[in-house]
S.K.: 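Following this message is one structure expressed as structure tokens.
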Amino acid sequence: TRDRFATTFEAVKTEFQTLFTRLFGGGEGTIMLTKPDNLLETGVEVEVTVPGKTKKRLELLSGGERALAASALIFSLLKVKPSPLVIFDEVDAPLDGRNVERFIEVMREFGKRSQFLCITHNNLTIEASPIWFGVTMQEPGITSVIPYRTTGGQTAGRVYVQGN
Amino acid sequence: TRDRFATTFEAVKTEFQTLFTRLFGGGEGTIMLTKPDNLLETGVEVEVTVPGKTKKRLELLSGGERALAASALIFSLLKVKPSPLVIFDEVDAPLDGRNVERFIEVMREFGKRSQFLCITHNNLTIEASPIWFGVTMQEPGITSVIPYRTTGGQTAGRVYVQGN
Amino acid sequence: LRLKRVRIVGFKTFAEKTEFDLDGELVAIVGPNGCGKSNIVDAILWGLGEPKPRNLRAANATEVIFAGSQNRKAHSYAEVMLLFDNEDGSLPVDTPEVSITRRVHRNGDSEYFLNKQACRQKDIFDVLADSGLGKAGYAIVGQKEIDAALAASAEDRRAWIDEAA
Amino acid sequence: LRLKRVRIVGFKTFAEKTEFDLDGELVAIVGPNGCGKSNIVDAILWGLGEPKPRNLRAANATEVIFAGSQNRKAHSYAEVMLLFDNEDGSLPVDTPEVSITRRVHRNGDSEYFLNKQACRQKDIFDVLADSGLGKAGYAIVGQKEIDAALAASAEDRRAWIDEAA
Ligand SMILES: Nc1ncnc2c1ncn2[C@@H]1O[C@H](COP(=O)(O)OP(=O)(O)OP(=O)(O)O)[C@@H](O)[C@H]1O
Ligand SMILES: Nc1ncnc2c1ncn2[C@@H]1O[C@H](COP(=O)(O)OP(=O)(O)OP(=O)(O)O)[C@@H](O)[C@H]1O
Ligand SMILES: [Mg+2]
Ligand SMILES: [Mg+2]
């Protein structure tokens with residue numbers, strides 16, 4: 001299992017470097033082992049340099065920078081070991097418009113290998129999804145879920161899917 | 001100081017009941033003393049009933065419901081003792097469109113008594129403010145702040161204010 | 001392996017039987033504050049066997065059962081069924097479809113079913129162990145939890161690499 | 001009492017002298033991720049005398065000093081000046097305008113000024129004590145902190161009532 005850990009770590013590291021640069025439109029992200037000569041106990045550190053800035057401690061990143069860096073890490077794990085189901089609950093909330101667009105681009109790509117459910121209030125993310133689940137409380141305190149699909153073109157073509 | 005605490009508590013409680021109902025468009029919010037016969041040591045509990053639902057523990061509230069209830073509490077404190085400066089850093093992020101509108105309405109009202117600075121990515125909140133501070137990094141890693149004011153009408157009329 | 005259908009009844013705000021299909025496309029879940037979006041995530045996590053009420057925003061095991069509303073009484077049990085497409089055989093079960101069902105009653109009794117046959121919680125964990133839906137769960141990010149990935153300790157982050165191995 | 005002007009130099013990402021006026025109207029602070037919006041809040045909190053680096057997202061007292069960028073060297077000090085309109089006399093100082101200035105040097109030395117006269121941190125706290133800008137600070141809600149108002153203990157919430165008394 002030591003070898004498996006080492007190979008997986010290297011694979012996730014490579015992916016993280018690529019995905020970080022894609023999500024941030026530049027810069028550098030990498031992961032490192034805290035105890036490289038003890039693979040059974042070692043921890044994993046994250047080090048990032050945001051484009052246009054010098055390398056700093058993770059705690060100094062802004063709210064949006066943290067959310068984006070964390071997303072890059074999660075996507076890199078998914079790349080190495082896809083999950084049949086991925087759920088993001090308002091992960092895009094701290095992101096500005098430009099970063100949401102990059103996030104959506106990467107999510108769409110991963111959406112081909114896994115089933116994504118993305119809870120969001122952000123119009124850009126909503127518009128990027130072919131299917132919506134409208135969640136409402138038509139009766140007070142009781143949740144109902146109403147699926148909509150896009151038929152040709154954008155929102156105008158959303159139809160209520162009967163008896164999903 | 002016991003008397004002052006008691007009077008302030010009652011005043012904040014009355015305001016919270018009003019502001020909670022305004023922000024939620026219904027329901028009931030109140031605050032209570034944990035040790036009413038020991039005013040010097042007592043804590044303050046918050047109890048809310050969201051419109052259309054039964055009363056539940058605070059932890060069961062949704063992300064947006066928590067942000068809105070907390071805002072109601074902060075506004076009620078500000079009502080009793082205004083502050084010369086109020087800063088909200090992305091407080092509107094968890095709110096849906098309808099709740100953001102109610103939040104903005106209350107904020108504008110309080111904006112007459114205090115100077116409000118509201119950091120936001122939400123277009124509704126941005127449009128509701130007469131003044132914008134555009135914060136950018138024209139030079140990498142260096143922040144600059146550029147003030148804009150509305151002249152007659154909406155965004156089209158935003159002009160860069162020289163030498164603010 | 002793919003999650004095809006989710007059925008929820010009596011779990012949190014799902015007093016009515018709620019069922020939806022998933023066909024692999026990206027789904028945006030939208031709705032006003034407090035309407036039950038995060039409760040869907042809790043239902044799926046619970047259905048996958050999440051043992052700690054804390055991770056489901058519940059004080060105890062039975063607080064996930066519908067507690068009643070203005071017009072309805074509390075329910076006596078909560079149930080979630082997850083139906084997987086197992087054509088590729090990645091779940092160690094011999095059927096092209098695999099259903100996992102979890103139920104909890106007001107008295108705290110729990111029941112688990114694998115393809116409608118009663119089983120133990122451990123059996124569910126064994127079936128899901130290598131599927132990517134295991135315990136460390138980097139693939140399910142709850143509300144406000146995105147920060148946790150960076151705020152976590154170096155040791156916690158290591159568990160994700162183990163999970164992906 | 002009203003905050004009229006803020007001047008920041010050498011604090012976090014404000015390598016250049018940055019100054020802006022406030023005339024009482026509601027201001028929306030907008031900009032991309034990481035451009036320095038929350039740093040403005042930290043600068044104002046620090047200028048008001050915030051003693052704990054932790055509440056300023058800094059590891060220690062000197063980490064708020066501009067640490068350098070691709071094209072610039074680190075600065076040797078950070079300074080924030082806050083100018084208040086004191087026409088209504090609510091600050092216990094005899095002038096129609098009151099300026100508060102805080103400075104910290106690389107070696108950790110701190111300096112405080114009240115109307116350009118050197119003073120101690122305690123003098124700043126005394127001047128601000130009853131102004132509503134005191135320590136409990138329910139009026140300044142940092143990023144991700146809105147939840148804290150509800151998550152706080154009953155005792156912590158009490159401190160806000162004390163502050164408003
Ligand atoms: N056992 C239960 N029975 C009935 N209602 C419950 C139960 N547990 C939680 N709730 C209710 O569920 C609601 C929270 O729903 P949820 O967190 O899913 O909202 P949401 O759609 O995610 O909202 P937001 O956009 O604000 O995050 C709360 O109003 C809470 O009272
Ligand atoms: N002492 C310092 N010197 C230089 N840069 C610093 C210093 N301290 C923090 N920073 C930088 O400030 C940036 C964070 O800025 P800030 O948190 O204000 O962003 P923001 O505009 O609030 O972004 P978001 O919308 O994501 O919340 C980080 O990139 C960080 O590296
Ligand atoms: Mg939610
Ligand atoms: Mg910020």
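Here is how names work: the chains are called A, B, and so on, in the same order as the sequence lines, proteins then strands, and each is numbered from 1.
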S.K.: At a heavy-atom separation under 4.5 Å, does S38(D) approach chain B through its side chain, its backbone, both, or neither?
M.R.: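 Answer is both: backbone and side chain atoms of S38(D) are under 4.5 Å from chain B.
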S.K.: Can a donor-acceptor pair be found, under 3.5 Å and without considering hydrogens, that links the side chain of R158(D) to the backbone of L39(B)?
M.R.: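 Confirmed, R158(D) side chain pairs with L39(B) backbone.
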S.K.: Against chain D, label S114(B) side chain, backbone, both or neither, depending on which of its atoms sit under 4.5 Å from a heavy atom there.
M.R.: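 The backbone, not the side chain.
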S.K.: Going by heavy atoms in the side chains, are D23(D) and R149(B) under 4.5 Å from each other?
M.R.: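 In short, these two side chains touch, coming nearer than 4.5 Å.
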S.K.: Minimum heavy-atom separation for A154(D) and T34(B), please, with both atom names.
M.R.: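 Nearest heavy atoms, A154(D) then T34(B): CB-CG2, 3.9 Å.
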S.K.: Under 4.5 Å from any heavy atom of chain B, what part of R72(D) do you find: side chain, backbone, both or neither?
M.R.: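 Contact with chain B involves the side chain of R72(D) alone.
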S.K.: Is L33(B) close to chain D through its backbone or its side chain, or both, or neither, when contacts mean heavy atoms under 4.5 Å?
M.R.: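 For L33(B), no heavy atom lies under 4.5 Å from chain D.
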S.K.: Go through the atoms of S71(B) and report whether side chain, backbone, both or neither lie under 4.5 Å from a heavy atom of chain D.
M.R.: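 For S71(B), backbone and side chain are both near chain D.
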S.K.: Check whether L58(B) gets within reach of chain D through its side chain, its backbone, both or neither, counting any heavy atom under 4.5 Å.
M.R.: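 Interface part for L58(B): side chain.
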S.K.: Using the side-chain contact (heavy atoms from CB on, under 4.5 Å) definition, which of the options K37(D), K144(D), Q143(D) pairs with D89(B)?
M.R.: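 So the option named by the test is Q143(D).
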S.K.: Measuring heavy-atom distances to chain D, does E139(B) have an atom under 4.5 Å in its side chain, in its backbone, in both, or in neither?
M.R.: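 Contact with chain D: side chain only.
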S.K.: Checking the side chain of R157(D) only, and the main-chain atoms of G43(B) only, is there a donor and an acceptor separated by less than 3.5 Å?
M.R.: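 No, the answer is negative, given that no donor and acceptor are paired below the 3.5 Å cut-off.
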S.K.: What pair of heavy atoms forms the shortest contact from I74(B) to Y138(D), and how long is it?
M.R.: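 Heavy atoms only, the tightest pair is CG2-O, 3.6 Å.
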S.K.: Using only atom types and a distance under 3.5 Å, with no angle test, would you say the side chain of Q115(B) pairs donor to acceptor with the backbone of L3(D)?
M.R.: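 No; judged by distance alone, with no hydrogens or angles, the pair does not exist.
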S.K.: Minimum heavy-atom separation for S69(D) to G141(B), with atom names?
M.R.: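 Where S69(D) meets G141(B) most closely, the heavy atoms are CB-CA, 4.4 Å.
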S.K.: Quick check on F66(D) against chain B: is it the side chain, the backbone, both or neither that has a heavy atom closer than 4.5 Å?
M.R.: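 The side chain, not the backbone.
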